[in-house]
Amino acid sequence: MKGRKKIRRRPGRKQNLYFTKETQEWIEKYQNTEDLKEAMEMYEKNILPAFSKLSENLIFVYGFKSYFSTFDELKADCVSFLFESIKKWDPERGTKAFSYFNVVAKNWLIVNCRQHNKNALKNVSVDHPDLMSNSHKEMLEEYNTQPGTDEIISLRQRKQEIIRLLEDMSVKINNENELIVLEAVKTLFRSIDDLDLLNKRAVLLYIREISGLDKKQLAKSLGSVRRHYRKMVGPDSGYEIF
């Protein structure tokens, strides 16, 4: 008698176990709690762990670094900023708490790290390159390589045209998951000027996080959105983004 063949289940994607629907509900409760002691207990137990993990993931995924802060200090400052932003999130607007605080934290990290690193660069004398560390040399090269005015104008026009094309696509797409992916892509393009650390892996992770779709759903919906886009712009378009 042959033994039964074991069937292995494919493990599903972990759906932001650190920032769940319950986390959002606790944030709403925190907003409506007038007792300060009760609110702080609620925050430390049910919200702080999610903010901490969110900040940690963003720093890791996008490679944020600050020359004036260690990893732990940068993470702690980001969490503090999220805490100060709790009252600003409005659940009535329909935006999920994770999506809102994900963008808030990422934008804070971008601005904070950029400013700190610029200040670090100012404190290094470019007249003595032999005294500069490799990291400072890389920063100097990065900030010395700036596009010309014509190129900046062209890039801005290109960005606006792509956003208009994506807006037009919203009218032609009816599938819910495809619309979610499209909104994530539009969000990415609207804030692309602030995203110095983009690469293919980071872009896909960002779209996946903000959309909340699993790998299979994202791949299928992104493929469909890509076909819609290419059909609209045609084969000879200079706006190839997918």
Side-chain angles (χ1 to χ4, degrees), residues 13-20 23-24 27 43-44 47-89 95-124 126 132-147 152 155 159 183-213 215 218 241:
R13 179 200 172 197
K14 295 181 179 179
Q15 294 283 349
N16 290 329
L17 297 181
Y18 63 92
F19 206 121
T20 63
T23 306
Q24 177 167 314
I27 293 174
Y43 169 75
E44 292 178 2
I47 303 174
L48 175 58
F51 280 178
S52 179
K53 188 63 177 178
L54 173 61
S55 302
E56 179 181 312
N57 284 354
L58 286 172
I59 294 172
F60 171 74
V61 170
Y62 292 97
F64 289 112
K65 292 180 181 178
S66 171
Y67 285 90
F68 293 102
S69 303
T70 64
F71 173 87
D72 290 334
E73 290 171 338
L74 184 61
K75 174 183 170 182
D77 288 344
C78 185
V79 171
S80 296
F81 186 78
L82 289 176
F83 171 72
E84 295 171 358
S85 304
I86 289 181
K87 295 291 185 179
K88 297 179 181 179
W89 173 64
T95 304
K96 292 182 179 179
F98 172 77
S99 298
Y100 176 82
F101 289 106
N102 183 65
V103 173
V104 167
K106 179 170 58 60
N107 287 345
W108 181 86
L109 286 165
I110 290 170
V111 173
N112 181 272
C113 292
R114 178 181 292 174
Q115 186 61 46
H116 280 192
N117 293 341
K118 282 185 178 180
N119 290 338
L121 184 62
K122 291 178 182 178
N123 294 326
V124 179
V126 295
M132 297 171 64
S133 65
N134 290 334
S135 59
H136 281 129
K137 290 178 181 178
E138 291 175 0
M139 287 176 61
L140 181 62
E141 182 178 354
E142 175 185 349
Y143 284 101
N144 279 341
T145 307
Q146 298 293 338
I152 292 175
L155 289 172
K159 172 188 169 184
E183 285 301 319
V185 174
K186 286 193 289 185
T187 298
L188 181 67
F189 266 89
R190 290 192 184 102
S191 58
I192 201 167
D193 291 336
D194 296 324
L195 302 177
D196 296 334
L197 307 170
L198 279 180
N199 54 52
K200 184 176 181 180
R201 177 171 175 265
V203 169
L204 290 175
L205 282 172
Y206 180 80
I207 293 176
R208 183 178 173 185
E209 290 288 355
I210 201 171
S211 67
L213 302 177
K215 286 183 177 180
L218 180 61
I241 64 171

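Throughout, numbering of the chain's residues begins at 1 and tracks the sequence.
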Minimum heavy-atom separation for Ser52 to Val79, with atom names?
CA-CG2, 3.7 Å
Donor-acceptor under 3.5 Å (Thr23 side chain, Thr20 main chain):
yes
Heavy-atom check, side chain of Tyr43 versus side chain of Ile86, under 4.5 Å
yes
Are Asn112 and Asp77 packed together at the side-chain level, in the sense that at least one heavy-atom pair is separated by less than 4.5 angstrom?
no
To the nearest 0.5 Å, atom CD1 of Ile59 lies from atom SG of Cys113 at 7.5 Å
Between Phe71 and Glu56 the two heavy atoms that sit nearest each other are CZ-CG, 3.9 Å
How far apart are the C-alpha atoms of Tyr100 and Gln24, what are their side-chain angles, what is the distance that settles it, and do they pass the side-chain contact (heavy atoms from CB on, under 4.5 Å) test?
CA-CA 11 Å; Tyr100 176 82; Gln24 177 167 314; over 6 Å; no
Parallel, tilted or perpendicular: which describes the rings of Phe98 and Tyr18, with under 30° parallel and over 60° perpendicular?
perpendicular
From the list Val104, Leu109, Leu54, side chain to side chain contact (heavy atoms under 4.5 Å, CB included) partner of Cys78 resolves to Leu109
Test item: Ser85 side-chain N/O and Lys88 main-chain N/O as donor-acceptor pair under 3.5 Å:
no
Taking side chain as C-beta onward, heavy atoms only, is Phe19 less than 4.5 Å from Lys96?
no
For the NZ atom on Lys87, are there more than 12 heavy atoms of other groups (residues, nucleotides or ligands in this structure) within a distance under 6.0 Å?
yes
Side-chain touch Leu82/Ile47, heavy atoms, less than 4.5 angstrom:
no
Chi angles and distances behind the ring pair (Phe, Tyr, Trp, His ring centres under 6.0 Å) call for Phe101, Phe51
CA-CA 8 Å; Phe101 289 106; Phe51 280 178; 5.0 Å; yes
